[in-house]
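First the structure, in the form of structure tokens, and then the observations on it.
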Amino acid sequence: MIPYDRTDNKTRDDGNNNIGTWPCAGYMSTASNTSNDGAYLASKRFIDTLENLLSMDYPRFTNVEKICIVDPDVTSSAAMVLSEFANDCGRMPVPLIKGSNIPAWVDDHTCAIVTSYYDDDQTVRCIEELIRRNTRIVCISKRGEASQLCDDEDIQFMELQDGLTLQEAVGSMVTMISCILQGSDVCGSKDPMMRSIGFLKEHIPLPRRTKKELTSIIKNIRGNNVLLISLSDLRGSSAVWKSYLSATIGEPIFNTELPEFDHNEIVGWCNENVNAENMLAVVIYNYSIHLLDVIVESATDVIADSGRNILMIRVDGSNAIERNLYGIMMSYHIAQYLEGQI
């Protein structure tokens with residue numbers, strides 16, 4: 001069994017970083033090529049992209065009664081982050097609607113942020129349905145059919161630049177949605193987003209503890225079925241991990257979350273299964289609330305006692321935005337190492 005360690009339980013006080021904005025409004029910046037560390041350059045490009053986006057002007061809704069995020073594809077990871085943050089800090093919930101089935105409560109009193117990475121038919125159908133309901137819309141996507149529909153219908157459109165990695169696209173959407181929500185007086189999400197930039201800068205290169213935990217995962221992940229277990233406020237970064245790992249290692253990737261991960265599920269994953277003898281559980285967690293710490297420790301103890309291999313990766317940060325952005329940045333490191341790019 002792979003050992004795991006839960007002794008480092010210090011929490012972080014991030015202070016109040018005052019982050020400046022970039023003077024230009026472009027999306028991408030060119031990372032310095034003076035370093036041979038590909039992981040450092042990838043992280044710097046990620047941070048530069050987010051910081052540059054914060055300097056832009058964004059549309060805003062007025063007199064918001066209800067608001068939702070509609071995303072039919074993989075970039076719903078960004079919506080997960082902001083939905084969780086709004087639950088903790090917003091003046092109203094910001095539910096995520098995945099796919100093109102729009103629930104009945106979305107009506108002419110609702111504001112909708114439509115996000116899409118692929119600009120596919122589902123995105124267009126979502127926008128068309130929202131138009132029929134007289135819903136106020138802001139769309140974030142690449143240029144394509146969705147943007148053309150928005151132009152034709154005089155819908156506010158924010159362009160997601162081509163050439164972004166999935167990690168950068170999700171991070172960009174987190175930034176853009178944060179700015180729209182704060183500008184619409186739904187929740188104060190832009191200011192924590194700005195502080196998160198300072199936190200991410202402090203964590204490149206990655207801390208020694210994090211490098212050690214990531215190295216353990218990288219060394220043991222190939223040839224295993226992987227179960228990702230995360231706390232509920234890390235579901236956004238966990239979804240990105242799943243997407244990256246499944247595309248990279250070609251093995252089945254499962255994910256679930258605590259505390260929704262109930263006793264029956266835990267027992268089920270612990271039982272022997274001839275189709276998943278090499279199951280590796282990767283637990284993505286953060287020390288925040290004592291009760292959740294107890295739940296994580298109890299769940300991992302049960303899984304470890306059953307003989308399953310288990311690895312722990314701690315994602316630091318003072319709020320859901322900070323933790324998920326840091327988790328997304330770490331997932332990119334793992335993918336690059338597995339692909340042999342670093």
Side-chain angles (χ1 to χ4, degrees), residues 53 56-160 169-193 232-233 235-236 239 319-321 324:
L53 283 167
M56 298 178 62
D57 292 326
Y58 290 89
R60 63 187 65 188
F61 298 109
T62 57
N63 302 318
V64 178
E65 298 179 33
K66 296 182 291 184
I67 190 167
C68 62
I69 304 172
V70 181
D71 193 315
D73 59 40
V74 69
T75 41
S76 59
S77 302
M80 294 177 189
V81 176
L82 272 305
S83 181
E84 186 68 31
F85 183 83
N87 286 341
D88 293 337
C89 306
R91 69 178 182 88
M92 65 179 67
V94 184
L96 164 63
I97 300 170
K98 297 183 67 174
S100 55
N101 294 320
I102 310 297
W105 59 263
V106 178
D107 54 22
D108 57 350
H109 296 286
T110 309
C111 301
I113 303 171
V114 179
T115 58
S116 175
Y117 184 61
Y118 295 113
D119 181 46
D120 55 13
D121 292 341
Q122 276 201 86
T123 307
V124 173
R125 288 198 298 271
C126 286
I127 296 172
E128 290 174 338
E129 179 60 28
L130 292 169
I131 291 172
R132 280 192 289 270
R133 301 188 190 192
N134 293 317
T135 303
R136 288 186 285 167
I137 305 167
V138 170
C139 180
I140 303 172
S141 185
K142 297 178 182 177
R143 281 286 169 187
E145 292 184 27
S147 64
Q148 185 60 55
L149 177 59
C150 290
D151 291 342
D152 294 343
E153 297 291 337
D154 197 25
I155 293 171
Q156 297 182 95
F157 179 83
M158 298 296 297
E159 182 177 357
L160 190 67
V170 172
S172 296
M173 286 190 180
V174 170
T175 308
M176 298 165 87
I177 297 170
S178 295
C179 294
I180 293 170
L181 291 178
Q182 180 158 320
S184 304
D185 194 30
V186 173
C187 68
S189 46
K190 181 179 178 180
D191 294 338
M193 182 73 216
S232 58
D233 70 340
R235 61 168 64 99
N319 58 63
I321 293 176
N324 278 280

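Just the heavy atoms: all of them, side chains too, but no hydrogens, waters or symmetry mates, feed the values below.
- In this structure, the side chains of R143 and E159 come closer than 4.5 Å at one or more pairs of heavy atoms.
- Between the side chain of T175 and the backbone N or O of G171, at least one donor-acceptor pair lies under 3.5 Å.
- For the atom pair CG (D121) and SG (C126), the distance works out to 11.0 Å, reported to the nearest 0.5 Å.
- Heavy atoms of other residues, nucleotides or ligands lying less than 6.0 angstrom from CG of D152 number more than 12.
- The shortest side-chain heavy-atom distance between I131 and I155 falls under the 4.5 Å cut-off.
- Atom CG of D88 sits in a crowded spot, with more than 12 heavy atoms from other residues, nucleotides or ligands closer than 6.0 Å.
- Of all the heavy atoms in A146 and V124, the pair that sits closest is N-CG2, 4.0 Å.
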Item to complete: Starting from the C-alpha separation in whole Å, work towards a yes-or-no answer on side chain to side chain contact (heavy atoms under 4.5 Å, CB included) for F61 and I180.
Response: CA-CA 8 Å; F61 298 109; I180 293 170; 4.3 Å; yes

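- Between P59 and M158 the shortest side-chain heavy-atom distance falls below 4.5 Å.
- Shown here for G236 and N324, the closest heavy-atom pair between the two residues is N-OD1, 3.5 Å.
- Taking every heavy atom of both residues into account, R91 and V64 meet most closely at NH2-O, 3.3 Å.
- Considering all non-hydrogen atoms of both residues, F157 and S147 come closest at CZ-CB, 3.4 Å.
- To the nearest 0.5 Å, atoms CD1 (I140) and OG (S172) are separated by 9.5 Å.
- Note that the SG atom of C139 and the CG atom of L149 stand 8.5 Å from one another [nearest 0.5 Å].
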Discussion item. The test is side chain to side chain contact (heavy atoms under 4.5 Å, CB included); show your working for T135 and I102 and say whether it passes.
Written reply: CA-CA 11 Å; T135 303; I102 310 297; over 6 Å; no

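- Contact check for V94 versus V186: side-chain heavy atoms found under the 4.5 Å cut-off.
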Worksheet entry | Trace of the side chain to side chain contact (heavy atoms under 4.5 Å, CB included) decision for M176 with I113 | CA-CA 10 Å; M176 298 165 87; I113 303 171; over 6 Å; no

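- With rounding to the nearest 0.5 angstrom, the SG atom of C150 is 7.0 Å from the CD1 atom of I137.
- Applying the 6.0 Å contact sphere to CD of Q156 captures more than 12 heavy atoms from other residues, nucleotides or ligands.
- Side-chain N or O atoms of S141 include one that pairs as donor or acceptor with a backbone N or O of S116 at under 3.5 Å.
- In this structure, the side chain of S184 does not engage the main chain of R60 through any donor-acceptor pair within 3.5 Å.
- The one candidate from T110, L181, V106 that meets the side chain to side chain contact (heavy atoms under 4.5 Å, CB included) condition with I67 is L181.
- One N or O on the side chain of Q182 and one on the backbone of K190 form a donor-acceptor pair closer than 3.5 Å.
- Note that NZ of K98 is 4.0 Å distant from CE of M80, once rounded to the nearest 0.5 Å.
- Using a distance-only test at 3.5 Å, with no hydrogens or angles considered, a donor-acceptor pair links the side chain of D71 to the main chain of S76.
- Counting heavy atoms from C-beta on, the side chains of D107 and K66 come closer than 4.5 Å.
- Here salt bridge (charged side-chain N to carboxylate O under 4.0 Å, His left out) pairs that include residues 123-132, with residues two or more places apart or in two chains, are E129-R132, E129-R133.
- Taking the side chain as every heavy atom from C-beta outward, C68 and W105 approach each other to under 4.5 Å.
- The shortest non-hydrogen separation linking C187 to G90 is CB-CA, 3.3 Å.
- Between I321 atom CD1 and E84 atom CD the span is 11.0 Å, to the nearest 0.5 Å.
- Taking the side chain as every heavy atom from C-beta outward, I69 and S83 never approach each other to under 4.5 Å.
- Of all heavy-atom pairs spanning S189 and S178, the tightest one is OG-O, 2.8 Å.
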Worksheet item: Yes or no on side chain to side chain contact (heavy atoms under 4.5 Å, CB included) for M193 and L82, after CA distance, side-chain angles and deciding distance?
Response: CA-CA 10 Å; M193 182 73 216; L82 272 305; over 6 Å; no

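- Other residues, nucleotides and ligands contribute only 12 or fewer heavy atoms inside 6.0 Å of the CG atom of D57.
- Checking side-chain atoms of D185 against main-chain N and O of T62 turns up no donor-acceptor pair under 3.5 Å.
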